[in-house]
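Structure, as structure tokens:
One-based numbering along the sequence shown. Only a predicted model underlies this, so the values are computations on that prediction, with no experimental measurement involved.
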Amino acid sequence: MRPLATIAAAEALGPDTVVVARPGLRPDVTVEVETVTVRLPAKKVALPIAARDAVGRLLDGRPVAVSELPLDERSAVVVARRLLREGVVVLAGSDAGPGSRTAAQHGDEFDFADSAGVSSDGERSATADFGTATAT
């Protein structure tokens with residue numbers, strides 16, 4: 001997906017959104033005491049250990065609705081959104097190229113949050129609690 005389409009899709013992502021691991025991507029996943037880390041060639045995404053099973057399901061190659069992830073709904077959205085933004089997962093059925101439809105084009109509502117996890121209306125999002133990505 002193009003960068004702006006990815007941002008729009010991540011913002012519109014909700015429980016009914018269906019995502020799948022990016023085709024051809026072979027991330028290295030490591031589990032430590034408190035974190036599960038998805039390592040890509042140029043970055044790594046660290047998430048709380050509570051996301052371990054959800055990460056496994058998201059990376060198994062089968063499309064999955066976010067609401068079907070083994071997390072509470074809010075956390076599932078946050079984890080899927082994070083992995084979408086980092087290019088680990090894509091919208092199912094997306095050709096990830098020009099003209100592909102994003103969740104935003106399906107009329108979903110947007111949840112605008114800044115990088116600190118605070119939405120435009122001042123509500124703290126779980127995004128701040130579910131990991132960071134760092135360039136390696």
For V64, the option from V18, L69, V89 that meets side chain to side chain contact (heavy atoms under 4.5 Å, CB included): L69
Test side chain to side chain contact (heavy atoms under 4.5 Å, CB included) applied to R62 - qualifying residues, sequence neighbours left out: R57, D60
Results of side chain to side chain contact (heavy atoms under 4.5 Å, CB included) for R39 - residues two or more places apart only: D28, T30, T37, K44
Gap separating the CG atom of L13 from the OG1 atom of T6, nearest 0.5 angstrom: 11.5 Å
Nearest heavy atoms of A51 and V36, plus distance in Å: C-CG1, 4.3 Å
Partners meeting side chain to side chain contact (heavy atoms under 4.5 Å, CB included) with L25 (sequence neighbours left out): R22, P27, L40, V88
Separation of L91 CG from L84 CG (nearest 0.5 Å): 5.5 Å
L58 CG to R82 CZ distance, which is reported to the nearest 0.5 Å: 14.0 Å
Least distance between heavy atoms, L59 atom then A21 atom: CA-CB, 4.0 Å
Shortest non-hydrogen contact from A10 toward R81: O-NE, 2.6 Å
Separation between CZ of R52 and OG1 of T35, rounded to the nearest 0.5 Å: 11.0 Å
Qualifying residues under side chain to side chain contact (heavy atoms under 4.5 Å, CB included), relative to E73, sequence neighbours excluded: P15
Worked check of side-chain contact (heavy atoms from CB on, under 4.5 Å) between V31 and I49: CA-CA 7 Å; V31 177; I49 195 67; 3.3 Å; yes
Reported CG-to-CD distance for the pair D16 and E68, which is rounded to 0.5 angstrom: 9.5 Å
Atom of A54, atom of L71 and distance for their closest heavy-atom approach: CB-CD1, 3.6 Å
